[in-house]
Amino acid sequence: MPSANELQSALTRLRDNPRVRLIRVAVADEACPACQALQGAYAKNAVPVLPAEGCSCPNGRPAVYYEPVLDEIYP
Ligand SMILES: [Zn+2]
């Protein structure tokens, strides 16, 4: 699972990539309810900060990560 710092640098990379259309918040099964609630795809300027406020994921490691939604999925 990523650390908070790794999540932030991943988000910055995705935002800077012009091929990335949306940014999806992917949530693992073991994620806490606060993180589960953020699951979904977001516009680049509306992506929620991970880990969620009040995160209580196991072992202090947020079970969430950012995923790109690319423009060229359907060629
Ligand atoms: Zn959490």
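Numbering of ligands and ligand atoms starts at 1, following listing order.
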Closest contact, heavy atoms only, Glu53 versus Ala34: O-CB, 3.8 Å
In the protein, N/O/S atoms that are found under 2.8 Å from the Zn ion (ligand 1), waters not counted: Cys32 SG, Cys35 SG, Cys55 SG, Cys57 SG
Test item: Pro62 and Leu50 side chains (from C-beta on) under 4.5 Å apart, heavy atoms: no
Steps toward side-chain contact (heavy atoms from CB on, under 4.5 Å) verdict (Val69, Val20): CA-CA 6 Å; Val69 178; Val20 174; 5.9 Å; no
4.5 Å side-chain heavy-atom contact, Cys35 and Cys57: yes
Hydrophobic cluster identity match, Leu70 and Leu14, side-chain contacts under 4.5 Å: yes
Side-chain donor/acceptor of Arg15 to backbone N/O of Lys44, under 3.5 Å: yes
